[in-house]
Amino acid sequence: MGVMMPYGVAIREAIASNDLAKMEAVAEQAKQTIKEQGDLSAALLELLEAIEKLKK
């Protein structure tokens, strides 16, 4: 299996596959990404707020 970005789609596809090895691999990738990059949702919210400020 190649590297899949652990966004919702990849995680949900792993769940739907019902393949334990794939699910574990995607979970490890997601944990590593969170460790390296932090909370992507929070970063996106900050970005959207900055965009809104510039639009005003």
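Not measured: the values here are computed from a predicted model.
Considering CD of Glu46 and CD1 of Ile51, their distance stands at 12.0 Å, rounded to 0.5 Å. Between atom CD of residue Glu24 and atom CD of residue Gln29 there is a gap of 12.5 Å, rounded to the nearest 0.5 Å. The line from CD of Glu36 to CD of Gln32 is 4.0 Å long, rounded to the nearest 0.5 Å.
Residues Val26 and Ala10 come closest through the heavy atom pair CG1-O, 4.2 Å. Taking every heavy atom of both residues into account, Lys22 and Glu13 meet most closely at NZ-O, 4.5 Å.
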Hey, mind stepping through Asp19 and Met23 against side-chain contact (heavy atoms from CB on, under 4.5 Å) and telling me if it holds?
-> CA-CA 6 Å; Asp19 178 333; Met23 292 166 69; 5.6 Å; no
